[in-house]
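Here is the structure we will look at, set down as C-alpha cells.
Just so it is clear, the structure is predicted and the values come from calculations on it, not from any experiment.
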Amino acid sequence: MNYSDYFTNRPTDEITRDLVGRPLIYDNEKEKLGGYIVEAEAYMGKNDRAAHSYGGHRSPANEGLYRRGGTIYIYAQRQYFFFDVACQEENEPQGVLIRAIEPIWGIDTMIKNRSGKSGVLLTNGPAKMMQAFGIHDKNWNLHFLSDSPFKIDLEDDHRKPSQEIIADKRVGINQSDPVWANKKLRYYVAGNPYASDMKKRNYAKNNGWA
DNA sequence: CGAGGGATACACT
DNA sequence: GTGTATCCCTCGC
C-alpha cells in the first residue's frame, strides 16, 4: 500500500478512523521521534462548515487541502502549528488532522522540545505534538509524505489494535452550524490518556489498547 | 482535579 | 480589525 492509494479511494472519515493505532514518526536525520496515533479528525471538504476549504475557499494558506491525497498540510494558528494530511484526489479538498499520539520513540528529546513537560502533557493535543517534534514553521507544508521526514506506517501488522475506537464530535468547532459541528468525525482510542482532554477517571486499562 | 478565560500571531477582509 | 481545527494558568472544589 502506498500513500496515494491509502489517502484516496474511500471516504475521508473511514481513512481517519483507520489511522488510529498506526505509528507516526518524524525522522529528522538525527533521531526518530513519534508514537502511535491515538486521535484524529476528518474534515470533509467544501460542504463541511468546519473545514478550511468550506464553500470552496482557497488561498495560499490552505492550498495543501487541494493537493492529492498524501500531501502534507501544515497550518498555523495563533503561535501554534497543526499537522494534516490531504485526502482524496487533487482539487477535492478533504483532509485529516492528527490530534494526538502516545509517545514511544525519542521521548527524551520530545520532553526537551516541550520545555520539560512530560507525561500526558507531552503530546495530548495537535500543537503539543508538533512542539514535541520541534517543528515551529511550515517548512514541510505541501510536501508529499514520502518526500518528507514524516512517516505513517501503513503496515497492518504494525497497527496497534484498540479495545474500542470512539467516534465523537470534533474539538473547538464553531457551533454556528450545529449539524456539521456535531458530526462525529473525531476518532480516538477509548480511555487513552493521550487523547486530548481525556479525564483521569476515564483512563482505561492498558491505555485502551486491546 | 477540572472548568473557564486570557494570551497570542497569523491569514484574510 | 476580526476570528481562530489551541494552550496553559488560575481558581474553586
Using the six-membered ring of A/Y66, assess whether NZ or CZ of A/R58 lies under 6.0 Å from its centre and within 45 degrees of the ring axis.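 Verdict for A/Y66: a cation-pi partner in A/R58.
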What is the distance, to the nearest angstrom, from the [atom1] atom on [X] to the [atom2] atom on [N]?
X      : N      : atom1 : atom2 : value
A/Q131 : C/dT6  : CD    : P     : 14 Å
A/N124 : C/dC7  : CG    : C1'   : 10 Å
A/N62  : C/dT4  : CG    : C1'   : 14 Å
A/L65  : B/dA11 : CG    : P     : 15 Å
A/D177 : C/dA5  : CG    : C1'   : 15 Å
A/D137 : B/dA11 : CG    : P     : 12 Å
A/M198 : B/dC1  : CE    : P     : 15 Å
A/H136 : B/dA9  : NE2   : P     : 14 Å

Quick check for you: among [options], whose closest atom lies nearest to any side-chain atom of [X]?
X      : options               : answer
A/V171 : C/dC9, C/dA5, C/dT6   : C/dT6
A/K128 : B/dG2, C/dC7, C/dT6   : C/dC7
A/D84  : C/dA5, B/dA11, B/dC1  : C/dA5
A/P126 : B/dA11, B/dT13, C/dT6 : C/dT6

Give A/F82 one of three labels, base, sugar-phosphate or nothing, depending on what nucleic acid heavy atoms sit under 4.0 Å from its own.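 Sugar-phosphate contact only.
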Under 4.0 Å, heavy atoms only, any strand: does A/I173 hit a base, just the sugar-phosphate, or nothing? sugar-phosphate
Considering just the side-chain nitrogens and oxygens of [X], establish if one lies under 4.0 Å of OP1 or OP2 belonging to [N].
X      : N     : value
A/N174 : C/dA5 : no
A/K199 : B/dA3 : yes
A/R49  : C/dA5 : no

Among the clusters formed by ILVMFWY side chains lying less than 4.5 Å apart, do [X] and [Y] turn up in the same one?
X      : Y      : result
A/I72  : A/F144 : yes
A/L145 : A/L19  : yes
A/M110 : A/I152 : yes

When you compare the side chain of A/E39 with that of A/D168, does any pair of heavy atoms fall below 4.5 Å?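 When only atoms from C-beta onward are counted, A/E39 and A/D168 do not touch, as no gap falls below 4.5 Å.
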Looking only at heavy atoms, the pair that brings A/E41 and A/R186 closest together is OE2-CD, 3.3 Å
Using a strict 4.0 Å threshold on nitrogen-to-oxygen distance, state whether A/R22 and A/D156 make a salt bridge. yes
Quick test of your reading of the model: are A/K199 and A/D197 salt-bridged, counting only N-O distances below 4.0 Å? yes
Should we count NZ of A/K138 as having more than 12 external heavy atoms under 6.0 Å?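 Yes, the 6.0 Å shell around NZ holds more than 12 heavy atoms from other groups.
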Note every stem involving DNA chain C: at least three consecutive Watson-Crick or G-U wobble pairs, i with j then i+1 with j-1, with both distances under 3.5 Å.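 The stems that DNA chain C takes part in, listed by first number, are B:1-7 with C:6-12, B:9-12 with C:1-4.
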Tell me which residues in residues 69-79 of chain A put a heavy atom below 4.0 Å from DNA chain B, sorted by number, or none.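 When residues 69-79 of chain A is checked for heavy atoms under 4.0 Å from DNA chain B, the hits, listed by number, are A/R78, A/Q79.
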Going by distance alone, is a donor N or O of one side chain under 3.5 Å from an acceptor N or O of the other, for A/Y194 and A/N207?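 The criterion, which ignores hydrogens and geometry beyond distance, is not satisfied for A/N207 and A/Y194.
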